[in-house]
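Notes follow the structure.
By convention here, the first residue in the shown sequence is residue 1. In each ligand, atom 1 is the first atom listed, and ligand 1 is the first ligand listed.
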Amino acid sequence: MRRLVIGNWKMNRTVPETVALVGSLLARLSPAADREIAIAPPFTALSAVAPLLKGSAVLLAAQDLFWQDEGPYTGEISGVMLQDVGVSYVLVAHSERRRHLEETDRIAGLKVRAALRTGLKPVLCVGEDEVERASGRAFTVVRAQVARGLEGCVPGEASRLQVAYEPVWAIGTGRAASPAQAAEMHDLIRQELRAVLKDSARAVRVLYGGSVTPDNVDELMPAPGIDGLLVGGASLHAEQFARIASYR
Ligand code: PGA
């Protein structure tokens, strides 16, 4: 299975800033056959970035989509529109959306379906918060997020699915999960994937995200069950993201 490293820029960078950052990123990245690299700039920059990435080793990702394909949904962006501008991957239910926009597991499920229907590859984001971990509920929470987010998915869709385990307490805090903590949760996610997708679950990539940096990447990537990374803060710095993407 090819590994996957995605840079999630969140609500950062204007179009000119994006063009500059993509330029310095492309100058630093060295393509490798065993991994895919993608970046998720804000919606407003997607059409400017798409032509810059053509012919490069970097794929385009979006940070969200709506669950309908078109219609009276003011302010929303559909999978069809993302396809139209050259997007391959789309994040679904990132914890910041769950928290600030009250996205639920039901919404996550609808968005995963919409992404698959419109030819995109969804990255379902899951992860427990600090209180849930401290009270011993992390496994139950994550298991339910995976099961509900993938409701209706069938084995034939497995190769287009990704799940990103991002413990909320690790996001933007500088406190990444330890390789052992990540491996333990990735194993649980894999079990849940098998329950839904049977043998095809093997084809789903399970990414880790939360304070990934050049300093911890070489420790995290070899941990059992880590098939890639979702990188936030460090992906806004070309040299850091390039270093992460060239993990050993
Ligand atoms: P971080 O964010 O790398 O800045 O912790 C990760 C994410 O939110 O995807």
Side-chain angles (χ1 to χ4, degrees), residues 3-13 17-18 21 25 29 35-43 45-46 58-65 87-103 107-108 111-112 115 120-130 132-133 138 141-142 145-146 149 161-179 181-182 185-186 189 205-221 223 226-247:
R3 304 281 188 78
L4 171 64
V5 180
I6 305 181
N8 171 16
W9 293 15
K10 311 192 179 187
M11 196 176 71
N12 293 293
R13 304 294 183 255
E17 287 167 353
T18 298
L21 179 50
L25 190 59
L29 279 176
R35 62 198 71 179
E36 280 187 302
I37 301 166
I39 53 170
F43 285 134
L46 290 174
V58 181
L59 294 163
L60 193 55
Q63 299 175 19
D64 180 42
L65 82 168
V87 167
S88 304
Y89 289 96
V90 61
L91 307 185
V92 170
H94 187 280
S95 70
E96 286 151 12
R97 300 194 60 84
R98 291 180 188 261
R99 174 161 164 239
H100 300 295
L101 293 145
E102 298 182 20
E103 283 199 5
I107 291 177
K111 290 186 170 186
V112 167
L120 299 169
K121 297 177 188 166
V123 182
L124 171 68
C125 301
V126 300
E128 81 286 0
D129 66 23
E130 184 119 57
E132 289 160 344
R133 177 157 282 261
V141 167
V142 170
Q145 287 174 338
V146 173
L161 285 171
Q162 294 42 238
V163 174
Y165 170 54
E166 297 205 298
V168 178
W169 47 268
I171 296 178
T173 58
R175 196 156 58 91
S178 68
Q181 283 172 322
M185 195 59 92
H186 281 228
I189 291 170
R205 285 179 290 194
V206 184
L207 317 184
Y208 168 77
S211 294
V212 176
T213 66
D215 293 332
N216 59 23
V217 66
D218 293 330
E219 227 189 308
L220 283 164
M221 276 308 288
I226 297 194
D227 308 316
L229 302 165
L230 183 52
V231 185
S235 71
L236 293 168
H237 305 279
E239 66 299 338
Q240 289 186 30
F241 188 62
R243 169 65 187 87
I244 290 170
S246 62
Y247 66 84

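- A salt bridge links Arg243 with Asp218: at least one charged nitrogen is closer than 4.0 Å to a carboxylate oxygen.
- A donor-acceptor pair is defined here as one N or O able to donate and one able to accept, closer than 3.5 Å; no such pair exists between the side chain of Ser235 and the backbone of Phe241.
- The backbone N or O of Gly127 sits less than 3.5 Å from a side-chain atom of Gln145, completing a donor-acceptor pair.
- Side-chain N or O atoms of Arg98 include one that pairs as donor or acceptor with a backbone N or O of Ala93 at under 3.5 Å.
- There is no side-chain donor-acceptor pair under 3.5 Å between Glu219 and Tyr247.
- In this structure, Gln181 contributes its side chain and Ser178 its backbone to a donor-acceptor pair below 3.5 Å.
- For ligand 1, the 4.0 Å heavy-atom shell contains residues Asn8, Lys10, His94, Glu166, Ala170, Ile171, Gly172, Gly210, Ser211, Leu230, Val231, Gly232, Gly233.
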